[in-house]
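A short write-up of the structure that comes next.
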Amino acid sequence: MTVTWSARRRATRGRMAAQDGAPPLIAVTDDLAARFPLYADNFPVWAEQSNGMLQLAVWTALSEAGLGANVQHYTPLIDQAVREEFALPQQWRLIAQMPFGDVVEPVGEKTVVPVEERVRVIGL
């Protein structure tokens, strides 16, 4: 079955509409490449790693406060609309969205690959 781009957009709009009223938005940026030009080529990779760690830290803090959250990746479909809605600079790159609030229902079971199959610890 072939899914057209417009069909994907309609499905995405529906999922996003389900989050209407989700209160806050957390936006973080730092242009480290401009501050440390010697390492500029490395910053895109480091930024992705840092962003993932930041998402986990924020998720954990929200959870500790009794709040629920989910991470969504609707980029690039919503990038321009988000930029305009929140007056974000053009050079910011939207990576993910994390709507959060009261827990409406418990998280369901999720099957994941065991960590031992995804991570190797060498030298211990």
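The first residue in the sequence is number 1, and the count goes up from there. Everything numeric in this text was worked out from a predicted model, so none of it was measured.
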_Can you tell me how far apart CD (Gln72) and CE (Met98) are? Round to the nearest 0.5 Å._
10.5 Å

*Could you walk me through whether Phe43 and Phe36 pass the side chain to side chain contact (heavy atoms under 4.5 Å, CB included) test, one step at a time?*
CA-CA 9 Å; Phe43 279 110; Phe36 302 99; 4.0 Å; yes

*asked:* Does Gln55 form a side chain to side chain contact (heavy atoms under 4.5 Å, CB included) with Ile95? I'd like the steps, not just the answer.
replied: CA-CA 10 Å; Gln55 289 177 33; Ile95 296 171; 4.2 Å; yes

Atom pairs and distances, side-chain donor-acceptor, residues 76-86, under 3.5 Å, sequence neighbours left out:
unit_1	atom_1	unit_2	atom_2	d
Gln80	NE2	Glu84	OE2	3.2
Arg83	NE	Gln90	O	3.4
Arg83	NH2	Trp92	O	2.7

*Checking Thr60 side chain against Leu56 main chain: does a donor-acceptor pair fall under 3.5 Å?*
yes

_Contact summary for Pro44 and Asp41, nearest pair of heavy atoms_ = CD-O, 3.5 Å

*Return the minimal non-hydrogen interatomic distance between Ala69 and Leu62, and the atom names on each side.*
CB-CD1, 3.9 Å

*asked:* Is there a path of hydrophobic side-chain contacts, each under 4.5 Å between heavy atoms, that joins Leu54 and Val71?
replied: yes

*asked:* Looking at Glu64, I want to see if its CD is surrounded by more than 12 non-hydrogen atoms of other residues, nucleotides or ligands under 6.0 Å.
replied: no

*Walk me through it: do Gln49 and Asn51 pass the test side-chain hydrogen bond (donor to acceptor under 3.5 Å, both in side chains)?*
CA-CA 5 Å; Gln49 295 167 349; Asn51 190 278; over 6 Å; no

*To the nearest 0.5 Å, tell me how far Trp59 CH2 sits from Phe100 CZ.*
12.5 Å

